[in-house]
Each structure stands twice: as C-alpha cells, then as structure tokens.
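Contents: one structure, followed by commentary.
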Number of protein chains: 2
Amino acid sequence: MAYLDERKLKILQAIIRNYLETGEPVGSRTISKFTDLNLSSATIRNEMADLEEMGYIVQPHTSAGRIPSDKGYRLYVDTMMETREQEVDEMKALLLEKADKMENLLEQVTKLLAANTNYTAMVTTPMYRSRKVKFLQLTEVDDTQILAIIVIEGNIVKNKMIATSVPVEKEVILKLNILLNTYLQGLDLSEINLDVIQQIKMQSEGFGSIVSDILDAIAQAISEEDKVQVYTSGTTNMLKYPELGDNQNVSQLLYALEEKKEITELMKKDAGDNTEIQVYIGNETTVESMKDCSVVTATYELTDGVYGKIGIVGPKRMDYEKVVSTLKTIRTQLDEIYKK
Amino acid sequence: MAYLDERKLKILQAIIRNYLETGEPVGSRTISKFTDLNLSSATIRNEMADLEEMGYIVQPHTSAGRIPSDKGYRLYVDTMMETREQEVDEMKALLLEKADKMENLLEQVTKLLAANTNYTAMVTTPMYRSRKVKFLQLTEVDDTQILAIIVIEGNIVKNKMIATSVPVEKEVILKLNILLNTYLQGLDLSEINLDVIQQIKMQSEGFGSIVSDILDAIAQAISEEDKVQVYTSGTTNMLKYPELGDNQNVSQLLYALEEKKEITELMKKDAGDNTEIQVYIGNETTVESMKDCSVVTATYELTDGVYGKIGIVGPKRMDYEKVVSTLKTIRTQLDEIYKK
DNA sequence: TGTTAGCACTCGATTCATTGGAGTGCTAAT
DNA sequence: ATTAGCACTCCAATGAATCGAGTGCTAACA
C-alpha cells in the first residue's frame, strides 16, 4: 500500500482544484501542466493510480480523467483548504438597510447568501436555549375577547386572542395582570409546572378557567416559538449543475428543499456545539436526495442562548473557500447588527 | 371562412379533452374513433383544417396531430367545461385540525391545494379594503423600551418596540394611551393625516417626539400588513410536465415562483371584483416565464373587506374542471372555518 | 354535395454504425 | 525513479437509415 507523501498531496490538491473549477474529470496531462512539479503525464498517471487505490479519487469510467471521491473532498476541506478573505462592505450596507424586522432580516440574509454563492441558501429562525418569560400583559379588546401579550427573553413578542364566554371586568383583568406577572416573570417555560399553576389558580378567586386559558395560550405561544423555521433561497440554482442528475434527482432535491422537513432536521444538527463551521459531504448529510451535494453550515448567536444556523447547499464540487468565508462574513454581520 | 357549427364544436372539444389527458398532439384517426360522430378520419381531417384556419387548434409541425391554441383553451373554459363535484370531507377535517393560526392555516391550504391537484398552488395572505384602527395600547417593557400594540379591524394584531432615550413615567404612558385611542380609534389609515397628528401632538404636552415615534410605528405596522405575502407549494410538480420545456424554461418558471415578485402582482390582479374564478391562459398571465402555463385563481373573503386569493399554476393542458372545483371547495371551507 | 378511400408526402424520433479524441495502463528505455 | 511511446478503451458527437404517425389532396361514391 502506497503512502500519501508530499507529492501525492500536491497532485490530489491540483486535481480537486481543477475539478472544482471545471466540473470535468481531470486527466494526467492537465495536471502535468497545471502544477509546478515538472512531472510528465506518465508519472502523474502512476501517482493517480495510487491515489485511486487509496480511495481519494475515482474514475467515472475507464479512459476518463479522475474526480475526487467523498474521502478526497473530506481531506481537502479538513486540511488543504486555503481561507480567503471576503469583501464585506456591500453586504453590510445591504443588511443594515433591511434590518428593520427579524423575520425580514433573515429572509434578506438568505437571499443575499444565495445571490453571492450561486448555490442554495438556508437560514433558520433563532432557537432558544432558555425561554424565560420577561413580561406579560392582558388587555380587553371587546366584551368577549382578551388579548394576551407575552414578551420572551430576547424581546420576542407573542400575542394571542382569548375568547371569554362572559364579559370580564376591568378590575379583574388588572388583578390578573399583577398576579400573573408576579408568579411568572423570570420563569423558564420548563419551570412553569403544575405547582405554580395551582398557586396562581388558588389566588385567582373563581377566575380559574380564564387563567387556564391564558396559561394554555402562553404555553402555545412559547412552544410555537420553538418551532424552527427554515428560509430557503436560490433553490433554482441547483438546476445549473448538470452533475446533480438531470430530471429525477434534481426534482427530488428541490422537493426536499421545498418540503423543508428533512433540511430542518439537518440544520438543527450540531446546532449547540461551538464548532465554527460544519461541512457535510455527500451521504454525510443523511438526506437521501442530497447524496450528490455538500452542505456547509455555520451557527450564529444573537445573544446568549439565542442562536440559529445559516447554511449553503451545493454540488460536491462547490467553491468551499468562498462558501466558508461568505458564511463567516454573514455570521459576523448578523452579530454586529444585533449588538447595536 | 368556415362557420363553427355543432359538429366542429364537438370535434374541438374531443381534441381538447384528449390532449388534456395525454399531452400528445391528437390526430384525425384518434378523433374518428374517440367520438360518437361516426365520421372517417378523412372527414375529421377536413374539419380540423377548418378549425386550424379559425385559430382554435395548432400544428406543432407538419405531419403531427393538432393541439389546442390559447384561443381554443379559452373557448373551452368559457363555454364547454363541465363542472365537477368534489369530495370535501377530508379537506374539511384536515383544515380544521390545523386552523389554529391564520398563517399556519394558509400554509396548510397551500399544501393541500398542491397535493390535491398535482400542480403548483399559490395563496396570498389577506388584504384589507379598509384598515381601521380598532384599538391601541402602549406598555412599558423596561426603562428604555415601550411596546406598542395595534389591533386593526379584523383582529389583526401588530406590535412594535419603541426605544426611548429617557425613561417615560407610567402616568405619561397612561395619558398617551387615552389620548391616542381617543383620536385614532375607528380611523382608517388614510384618515390619519397631518391635521389629526397635529392635534394629538398639541395635547401631548412635550412628549411630541414619542408621539411621532408611535405614529411612525403605527404607520409602519399597518403598511407592513399591507404587504401581500404569497405562499407557494408544489413548485416541483412543474418538473413533471415535459411540455413546459426541459431545462431553461422550467428553471425560469421555478425562479419566478421562488422570487414571488411577479406572481404577487399576478395574484393581486382583479382581486377586488367579484367574479368567482379567473382563468389566465398562456400569455394572459402577463408573466413571461409562464407563457406555457395557465393560472386559475379564486377570491376568498374572510369578513367584509378582508379578502385574499388562492390559485393554481399548471401546464396549459391542466385539468380545468378539477382545478376549478377544488378551488371552489377550498374557498368555501375557508369561509366556513372563519365564520365560526 | 358531403363523405370517404387511397396514396404520396412530410417530418420528427429512433436506431445504428462510424469516427475522433481524450485518457489510461503497461512496457521498455533512459 | 522517470519518461516516451504505444495499444487500448470508451464516451460523445455525427450522420445515415429507417419507422411511423399524421397530413393534404384527389378521385370515387352515395
């Protein structure tokens, strides 16, 4: 068994670089000229045979050039990739301009990512490690409806209409407001247990049913906030890369991107750990229809405990350097915008 | 010039029906057997030549069968279509189950439409003919932030955080609450003019800047609500219909569906009038990338003055009967769910 | 006069063989 | 260890041949 020496590494790198650019299998002659090794194509051929035997490259068929295998890509992104600096100015400007509302901002980010990379971009809404009730307010809208407003840590505002069978007096609402805030402020959702609920009900003097409704609303509002949403953009970019298979395959891929079920799972994965960038190559994505794709994700963090993910899906031969640096840039921008 | 008599109509109808089913150009022999007219293929050929001359059908190339032209389709949906009843039970159940929140509901509706028809579904969020302020409330969140809650006619709740440079006293907030509600309740956005604003500011005794901020927030919240959103689902269904062109064309179509700019315009069109169903065939859609598609839309109305659109995009040879009846059903369901 | 049988013709789609070229693996020479 | 050279493989592109569905037209017929 051959050993992966310096020269083989260089050749492998050259093959991958070339393939990333052209998308065509690359032959020995190309490498012979492409590198500064001054080796003849024949020598390259021998080395390539070794590299293939070691599993780093693959031949689509006899008498074609080589393309990187998943193992080859993996080696590349892990050890051989060169970081590239990114021009950030226009992005920053663009983001700031649109940053009026969180949802809007995320959608803009998604579009920006897709437009910049020519791949498909995915961005999740923030998830919360802690979900503390910051503030709570009931308001009478009309005789049969009460509006409950819940502000969660991180200034997330949720509102919920509650229908009442009987009109509720103003004073009662005032009382309930104080009561609820006293008991619930600062509590995490997980801390609102039966015990607390009982105590509130005990003190609500006959308005227990309304309290129940309200607590239901709170639970619902908060848990709903827990549902991670994924924005996507640039899905049609996938049609540009013929190596993803022409009809059936791309169709399934686009379906997965539209359906979002699988990619939501994918985006949740490793969301907690603090590795900067995650790269999934081919089957590492665990999504069947993405077996010919690579996925690169990054975690953004708004404030402590509020984080989400941004990511790119593209063909395996994507421009990893660019994608990684773009993700890093955007992540930083998100941070900065939020810090203000 | 020939005249469109009974027999020609029957033949045209047969051609269209057949083409809707198969997607293949249909020849004279097929029609000869397909209909109960007992005519030879030769006779049919003569009639078909007439129909072509009149512009109802078209030959993709010499020595191919005929396919309907836009004019042919138009005649078909206007006069020859047979209405079909739709099984509604499962839809109703499905919708009710998910109907907890408006946005959610609409998304479900979109998916349901797409799944039922195998085409692409589009649903807009509601638009408002009148946008009256129903109710308004300021609340202190912490020292530098006030939360403004605005309830618009139709129980649409908007909220907006307002940052203040100096802490604002509780009493002031109370006063502002009363002041704002007194002046603004029941007003339409269009009625909140400089005159009204001046009056409020005059009475706000030195808190004019906060009032400005609040009014800005209201304006922004309401106008934001005016932004029509379009949900889409089943876009990948478009890949199933080879007649939409294989690569370039479908790609542009999918892009338009993802971008949503053009289709939002399309959906807004005729949204006010009370025609039940609108059908746009080919270039009637005015969207370039949809020139080989048809669009069928219906208007739903939640309450007086709050309405939106649901629609289907598919190939010109879509199953119009089914699409129309599905849209009608869903529209009715939406009505009923909301009435409760 | 409307209908039909028959026939020559058109034209896209499919199939098949041919060719060219890019690339390989191996061997022998340096 | 490297390289030149050569036979070999196989895909992709090209083009000729064929097939068949469908047409238009003419002439015959009821």
Side-chain angles (χ1 to χ4, degrees), chain A residues 2-12 14-16 18-19 21-54 56-69 242-243 245-247, chain B residues 1-12 14-16 18-19 21-69 242-243 245-247:
Chain A
Y3 171 70
L4 195 90
D5 57 14
E6 185 77 14
R7 198 172 70 178
K8 284 196 174 58
L9 259 178
K10 268 197 171 175
I11 292 172
L12 177 57
I15 292 172
I16 296 181
N18 204 287
Y19 182 69
E21 261 183 42
T22 64
E24 300 285 310
V26 357
S28 52
R29 246 178 78 82
T30 315
I31 297 301
S32 164
K33 287 192 233 161
F34 199 69
T35 61
D36 51 357
L37 292 169
N38 276 339
L39 293 174
S40 79
S41 60
T43 315
I44 303 290
R45 276 202 289 284
N46 290 328
E47 297 287 53
M48 279 162 90
D50 287 354
L51 284 170
E52 179 160 18
E53 194 193 346
M54 288 186 265
Y56 291 111
I57 52 179
V58 139
Q59 243 178 327
H61 53 262
T62 0
S63 92
R66 308 303 215 286
I67 64 176
S69 68
E243 71 262 41
D246 235 3
N247 31 12
Chain B
M1 183 67 169
Y3 172 71
L4 195 92
D5 57 14
E6 186 77 13
R7 199 173 70 178
K8 284 195 175 57
L9 260 179
K10 268 198 172 175
I11 292 172
L12 177 56
I15 293 172
I16 296 181
N18 203 288
Y19 183 68
E21 262 183 41
T22 65
E24 300 285 310
V26 358
S28 53
R29 246 179 78 82
T30 314
I31 297 301
S32 165
K33 288 192 233 160
F34 199 68
T35 60
D36 51 358
L37 293 170
N38 276 339
L39 294 173
S40 78
S41 61
T43 315
I44 303 288
R45 275 203 290 284
N46 290 329
E47 297 287 54
M48 278 162 89
D50 287 354
L51 283 170
E52 178 159 20
E53 195 193 345
M54 287 186 265
Y56 291 110
I57 53 180
V58 138
Q59 245 178 328
H61 52 263
T62 1
S63 91
R66 308 303 217 286
I67 64 177
S69 69
E243 72 261 39
D246 233 3
N247 32 11

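Sequence lines set the chain letters: A, B, ... in the order given, protein chains first and strands last, and positions in each chain run from 1. Computed from a predicted structure; not experimentally measured.
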Taking it one step at a time, do A:Asp50 and A:Asn46 satisfy side chain to side chain contact (heavy atoms under 4.5 Å, CB included)? CA-CA 7 Å; A:Asp50 287 354; A:Asn46 290 328; 5.8 Å; no
Working for side chain to side chain contact (heavy atoms under 4.5 Å, CB included), residues A:Val26 and A:Ile16: CA-CA 9 Å; A:Val26 357; A:Ile16 296 181; over 6 Å; no
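Applying the 4.0 Å criterion to OP1 and OP2 of D:dT2, one finds that A:Thr43 has every side-chain N and O outside that range.
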What does the B/S/- profile of nucleotides 19-25 of chain D look like, 5' to 3', with a 4.0 Å heavy-atom cutoff to protein? ---SBBB
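Taking CD1 of A:Ile44 as the start and NZ of A:Lys8 as the end, the distance is 11.0 Å to the nearest 0.5 Å.
One can place CG of B:Asp5 at 10 Å from P of C:dT3, the figure rounded to the nearest angstrom. Across the protein-nucleic acid pair, A:Lys8 atom NZ and D:dT2 atom C1' stand 14 Å apart, rounded to whole Å. One interatomic measurement links the two molecules: NE2 of B:His61 to P of C:dG12, which rounds to 6 Å at whole-angstrom precision. Rounded to whole Å, the distance from CD on A:Glu24 to P on D:dC11 is 15 Å.
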Show the atom names and distances, to 0.1 Å, of all donor-acceptor pairs under 3.5 Å that link a side chain in residues 33-40 of chain B to residues at least two apart or in another chain.
{"residue": "B:Thr35", "atom": "OG1", "partner": "B:Ile31", "partner atom": "O", "Å": "3.1"}
{"residue": "B:Ser40", "atom": "OG", "partner": "B:Ala42", "partner atom": "N", "Å": "3.3"}
{"residue": "B:Ser40", "atom": "OG", "partner": "B:Thr43", "partner atom": "N", "Å": "3.4"}
{"residue": "B:Ser40", "atom": "OG", "partner": "B:Thr43", "partner atom": "OG1", "Å": "3.2"}

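Of the residues A:Glu52, A:Glu47, A:Glu53, the one that meets the salt bridge (Lys or Arg N to Asp or Glu O under 4.0 Å) test with A:Arg66 is A:Glu52.
Judged by distance alone, the side chain of A:Ser32 and the main-chain N or O of A:Ser28 form no donor-acceptor pair under 3.5 Å.
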